[in-house]
Protein chains: 4
Amino acid sequence: MTDSRASRHDSRTEAIMKAALDVALEVGYARLSIEAVATRAGVGKHTVYRRWCSRGLLFLDAVLSLNTEGLSHPDTGDVVADLRETMTKAVKLLAHPPWGPLYRALIGEAQHDPEVAAALNRRFIEPQTADTLARLKAAKEQGEIAPDFDLDLAFDILSGPLYYRLLITQQPVTDDYIDSVLRAVFAGMSPRSRPVRRRS
Amino acid sequence: MTDSRASRHDSRTEAIMKAALDVALEVGYARLSIEAVATRAGVGKHTVYRRWCSRGLLFLDAVLSLNTEGLSHPDTGDVVADLRETMTKAVKLLAHPPWGPLYRALIGEAQHDPEVAAALNRRFIEPQTADTLARLKAAKEQGEIAPDFDLDLAFDILSGPLYYRLLITQQPVTDDYIDSVLRAVFAGMSPRSRPVRRRS
Amino acid sequence: MTDSRASRHDSRTEAIMKAALDVALEVGYARLSIEAVATRAGVGKHTVYRRWCSRGLLFLDAVLSLNTEGLSHPDTGDVVADLRETMTKAVKLLAHPPWGPLYRALIGEAQHDPEVAAALNRRFIEPQTADTLARLKAAKEQGEIAPDFDLDLAFDILSGPLYYRLLITQQPVTDDYIDSVLRAVFAGMSPRSRPVRRRS
Amino acid sequence: MTDSRASRHDSRTEAIMKAALDVALEVGYARLSIEAVATRAGVGKHTVYRRWCSRGLLFLDAVLSLNTEGLSHPDTGDVVADLRETMTKAVKLLAHPPWGPLYRALIGEAQHDPEVAAALNRRFIEPQTADTLARLKAAKEQGEIAPDFDLDLAFDILSGPLYYRLLITQQPVTDDYIDSVLRAVFAGMSPRSRPVRRRS
DNA sequence: TTCTAATCGAGACGGTACGTCCCGTCTTTTT
DNA sequence: AAAAAGACGGGACGTACCGTCTCGATTAGAA
């Protein structure tokens, strides 16, 4: 049995990330210490520091190691329905326990630590954004979106309100809220613009 | 004897908040310690703890003690122009040095500390929101906004993208960006909707 | 109305000393703080500091305020019996709970604070010593003590062993021990010297 | 490869005890703080707390680390002369600067802290006492001390007066005083007893 | 197999900051 | 005028973690 993958090195790495999540879930990221993580993982502190140069980056890896299977980017031909699906799934995963508080903490950490901010963008935000942008591009080509509409901006306008609720007002991000954002953004605030049809 | 109000108590309070801002600007909020603030303010640590029960709440008060004269909520009759003014001023104040990093740090702290989150909302977000909502309500009554448009939602859709850039992608929030958000939100993404006129 | 003795000032003083003893008995002198005493006495700290310039001197006064009625200096004509009485009473009072630990603490404090040491000597040790020295002098005149024996030294030799046990070895100072000290000191260690008669 | 014993651990321990003595000599034991000792030793506070659980026990170790070469327990056949030698040397070391004040402070601390008291007895008082008791035993066997004289008591009677002067009256303990104690104790106070010969 | 050489756990280490306690002084308010 | 109440600057407490640094004790691949 020539080594079942998961070299010693990798098994340590995983144990540490697992321990980091456990500790974060138990006492919150604010009180997560490298010492506690190392102890919990049954590992020397050095072994942690050898892999991550800051608490934030360890935490980032730990959070991103969670399976993102919950996220989906379908293309059924109906862009509003597809976006609703994407946003609903994402919100369900990112904005609710148990990962909601951790994701918020991660973004919070990014406000203090540029390295975390950069890595979070590069490794999570940008890939997810790219998928959605591709869907928006297809929609524009299908004539579902005005041809002069900047799609990057479209993404911001769709995502922004959800993050605003998550991070600022901390009001719950419900399916209805997502729905009303979609309707409003597609219709526009101006009275001349036409509303999209309500969800059946 | 009008008494030069600024009792000893108040003068300490101000000195501490001033010191907190100084320290935060010098080393960043992440490295701000109560100890350093107290020393800088020429005050015992207990004098700080007597007033604030956490670093976050002290920092919140310190940041909010800055004059918010930069913020404006005009009503010229042109809601888009007025919102542009409000948003531009707010962004100029909150998203750029020297206060930009501090405001971001404050929101970051709010992700870890529910008390900070609540206080930030109650003392800053909600009042500012109320002013803008009043302006949106007037606009709706004037027929500048579709009569069935939820104004709370409108506020989220306008603010969200700015916060998204500030907190997540960390791309600069320029006047042009604000402008394009306004146009997009008023016009809607749907191809049938009519664009608002471009800024002259 | 020439004031009914126990002016406000004196009543405070007594309340403070009482409180000091209470606190010392509860948590030990080592953990006695002026703040605790003041609070216990229902008095401002200033009122304590106005009367005593150190914790040690307050404690000294508090301990010495205890009635020393337990101490006696009889003169029955039998110097050994009289000394036995004096020493037994003193040890009973000073070396046993509840005052034993306090007296030890007071002497302990005197090792750190010269003012306490001086005051303790002047106000307690010397007066008690004087009484015993007077008794020894009478005994010498009666021929019960060798005429060339230095009485100051005699006092040291009688007291020393008791204090040695109290402060150093912390062995209990029993009546039997006092008795054997008296016998030994009167008889001398030298084999030629004659023993005093045993206590019946 | 004789290994220059003095592992890192031991070198810290010694540095801390040295620093403790330095600080105690400079500002007195009453004002000695763990913080100051650690700083002086160039060591973290935890490194001190890891070794000693109280200021008193650290101080005890520091004081006892002084070489006690000054103490001697000779046996020349003349018990009085030998005791005089032992007592004189001990007093010279323990009752005079620079160690006098520290030894007094140590005994003072023992009055507040039972752990210090116990350790002081076990590690210093008892060994020294044992040596002297052995000498007294030899003397008794040689007929220099009355055969029915309790030697433990003898030790108390010889030591007590010295400690009494050191701790209570704070009169200087001179060679003459030691001499007169010896004479008095050997001769006894009783007029019938015979004086030992005076020191030539 | 035997020997490097790396890795590991364990945790000591110098250091910073924590939040608390108490010092002795100073203010404020009440009586 | 004296008091209680307690705010104040300051110093130290004992603790928690930081990130670095020894330690031996496993490994594990190269000789």
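Predicted model, so just to flag it, every value in this text is computed and none were measured. Labels below follow one simple rule: chain letters A, B, ... track the order of the sequence lines, proteins then strands, and each chain is numbered from 1.
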Leu167(D): side chain to side chain contact (heavy atoms under 4.5 Å, CB included) partners, not counting sequence neighbours: Gln111(C), Leu167(C), Ile168(C), Arg104(D), Ile107(D), Tyr163(D)
Separation of dG10(F) atom C1' from Arg40(B) atom CZ, nearest Å, is 19 Å
Would you say Arg51(A) reaches dC8(E)'s phosphate, i.e. side-chain N/O to OP1/OP2 under 4.0 Å? yes
Its contact letters, B for base, S for sugar-phosphate only and - for none at protein heavy atoms under 4.0 Å, make nucleotides 23-31 of chain E read BBBBS----
Determine: side-chain N/O of Arg31(A) to OP1/OP2 of dC17(F), distance under 4.0 Å, yes or no. no
Closest to the Thr47(C) side chain: dC13(E), dA4(F), dC8(F)? dA4(F)
Residues in salt bridge (Lys or Arg N to Asp or Glu O under 4.0 Å) with Arg55(A), at least two apart? Glu109(A)
Are the side chains of Leu106(A) and Phe59(A) in touch, meaning some heavy atoms are under 4.5 Å apart? yes
Residue set satisfying side chain to side chain donor-acceptor pair (under 3.5 Å) with Arg12(D), at least two apart, ordered chain then number -> none
What side chain to side chain donor-acceptor pair (under 3.5 Å) pairs are there with at least one residue in residues 34-47 of chain B, not counting sequence neighbours? Glu26(B)-Arg40(B)
On the nucleotide dA2(F), are OP1 or OP2 found under 4.0 Å from the side-chain N or O atoms that Arg50(C) carries? no
When rounded to whole Å, the CD1 to P distance for the pair Ile16(A) and dT7(E) reads 14 Å
For residues 114-124 of chain B, the side chain to side chain donor-acceptor pair (under 3.5 Å) pairs (sequence neighbours left out) are Asp61(B)-Arg123(B)
